[in-house]
Amino acid sequence: ETSGFRVLAGNGLAAIMDGDTIHGGSETYISTLADIPQDMTELSRALGGEGKTPIFFERNGIFLGIIAAADVIKKDSAQAVKELQHMGIEVIMLTGDNQRTADAIGKEAGVDRVIAGVLPDGKAAVIKNLQKRGRTAMVGDGINDAPALAQADIGIAMGVRGTDSAIEAADIAVMDDRISSV
């Protein structure tokens, strides 16, 4: 059993188990708390190249291991991206995922550009910077997306799995799970 569960925005999570604090998160964050063996760093890069996000864990300064998480790209994503591009819209993937993972997913989806490794509070700043080039729309579904959804000229929340904060911050809520609905 764990207690004291905390989300460490942009870094990972922490919880207490049997009186010890356990952290999970990015390689960059966990490397500040524990030494990560070289073979695990290499495994992390391989996982990222497969479009998986490696999540590192440590307990009391001792590296525990990696879990790989993967978002399955929606079946209609690549087609939706193509349709947006045919309308003259540049499609940018903005994510907190590491660059290798994001590049693999972005390639599969066919996006024009990938901006990765962005902490939650940085997404709104990226949108603000993109607005210097023209009008922007932001599509998101999580609490980490809410500030960027509010900053964009048009914020579109994916409502089926979207958090209340994302839906509240957006101008439009799409109430199904298909990216093609955008």
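Predicted model only: the values in this text are computed from it and were never measured.
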Taking all non-hydrogen atoms of both residues, which atom of A152 and which atom of A137 are closest, and how far apart? CB-C, 4.3 Å

Spacing of I127 atom CD1 and M138 atom CE [to the nearest 0.5 Å]: 5.5 Å

Indicate the ring-plane relationship of H23 and Y29, choosing parallel, tilted or perpendicular according to the 30° and 60° boundaries. perpendicular

Could you check whether any side-chain N or O of D112 sits under 3.5 Å from a backbone N or O of I92, counting only pairs where one atom can act as donor and the other as acceptor? no

Ionic contact status for D176 with R178, cut-off 4.0 Å: yes

How many angstroms lie between atom CD of Q131 and atom OG1 of T136, to the nearest 0.5 angstrom? 4.0 Å

Across all chains, not counting sequence neighbours, the side chain to side chain donor-acceptor pair (under 3.5 Å) partners of N60 are D20

So, Q85 versus E90: side-chain donor-acceptor pair below 3.5 Å or not? no

How long is the gap from OG1 on T28 to CD1 on I30, to the nearest 0.5 Å? 10.0 Å

Can you tell me how far the OG atom of S180 sits from the CG atom of L84, to the nearest 0.5 Å? 10.0 Å

Please check: side-chain N/O of R100 versus main-chain N/O of R45, any donor-acceptor pairing under 3.5 Å? yes

Mind listing the side-chain donor-acceptor pairs of residues 46-54 below 3.5 Å, one per line with the distance, residues two or more places apart or on another chain?
residue	atom	partner	partner atom	Å
E50	OE1	K52	NZ	3.1
T53	OG1	D97	OD1	3.4

Below 4.5 Å, heavy atoms only, C-beta onward: do D35 and F63 meet side chain to side chain? no

If you measure from CD1 on I22 to OG1 on T2, what distance do you get to the nearest 0.5 Å? 8.0 Å

Looking only at atom types and distance, does a side-chain atom of D76 sit under 3.5 Å from a main-chain N or O of I179, one as donor and one as acceptor? yes

What distance separates S3 OG from I16 CD1, expressed to the nearest 0.5 Å? 5.0 Å

Residues T41 and E27: side-chain donor-acceptor under 3.5 angstrom: yes

